[in-house]
Amino acid sequence: MGYKSLIKTQARNAFKKVGDLAVDVTLSKKTSSGFDFSTVTATLSTTPDIKVIKGIVEKRTKSSREDSAVLLTTMLFLSEDIPTPTDFDTFTFSGATYNLDRPLEDDGYLTKATLIRSQ
Amino acid sequence: MGKYDATLKNVYSIFETAPWKAELIKTVPNNYVGVSKETQYIRVSVIPSGFGLNLASTSGIINIDIFIKTGLGPGAIYTIADRLDAFLVGKSIKANNCVTQLANSSFSIVGIDKDNPLLFRAIYSIPFSNYGV
């Protein structure tokens, strides 16, 4: 087994060992197939690709963006679970739905994502 | 339909025509995501920031950000600007109970895009007047 496979296996094991510290996150992936200038609408895929992945909450921050409050949640995911994150993806856990914010850090094994929702 | 919506639709209609699509210049509006992998595209912003002849009219500027690949010289910007001129300069669009008239254009070089250094940016501008009744 090479080092890459070894580290990926250990990362998966770590997510199993932390038990309920890793929460179920419903990842809904939509893609944009273009913008129609005659109807002035963006066309998104109608059938999103939905799967449940594990995520570990690292921290939550309440922040202000101009005149609205937002909740930022930094979470750790296995990189193989979110290989191609886009701004159209939504993450649902603990009864709330988040979008992807910046920054997104991916070392090939773990992805640290900042999720955002209005509060 | 109000004057702002009508202005937007009139300008946008140019970019939905078959001749424009045949130019093969990736075109998106502002507030749109989905161009992160593109190495050349334009972004259209219609800004009705001026006053019109009457309460149903408006005026302003169309700003088009032109993005090309960094490091290959500015030529593509000039080519795209000329193609935009062919479709926009001096054009008059009568639709949505109004007439949108476009004037002459200009552009300025911004340089390497601060959000994506792989792209080199210019801004092409063309004033417009929208006459409603």
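Side-chain atoms are counted along with the backbone in the values below, which use heavy atoms only and exclude waters and symmetry mates. We name chains A, B, ... by the order of the sequence lines, and we start the count at 1 in each one.
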Might you confirm whether atom [atom1] of [X] has over 12 heavy atoms from other residues, nucleotides or ligands at distances under 6.0 Å?
X     : atom1 : answer
B:Y78 : OH    : no
A:N99 : CG    : yes
A:K8  : NZ    : no
A:K51 : NZ    : yes

Ring geometry between B:F15 and A:F37 (parallel below 30°, tilted from 30 to 60°, perpendicular above 60°): tilted
Rounded distance (nearest 0.5 Å) linking atom OG1 of A:T39 with atom OH of B:Y12: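 With rounding to 0.5 Å, OG1 (A:T39) is 11.0 Å from OH (B:Y12).
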Co-membership, hydrophobic cluster, residues B:I25 and B:L88, 4.5 Å side-chain: yes
Part of B:T27 lying under 4.5 Å from any heavy atom of chain A: both
Interchain contact, B:L8 with chain A, by part (heavy-atom threshold 4.5 Å):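 For B:L8, side-chain heavy atoms alone lie under 4.5 Å from chain A.
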Contacting moiety of A:T86, where chain B heavy atoms sit under 4.5 Å: neither
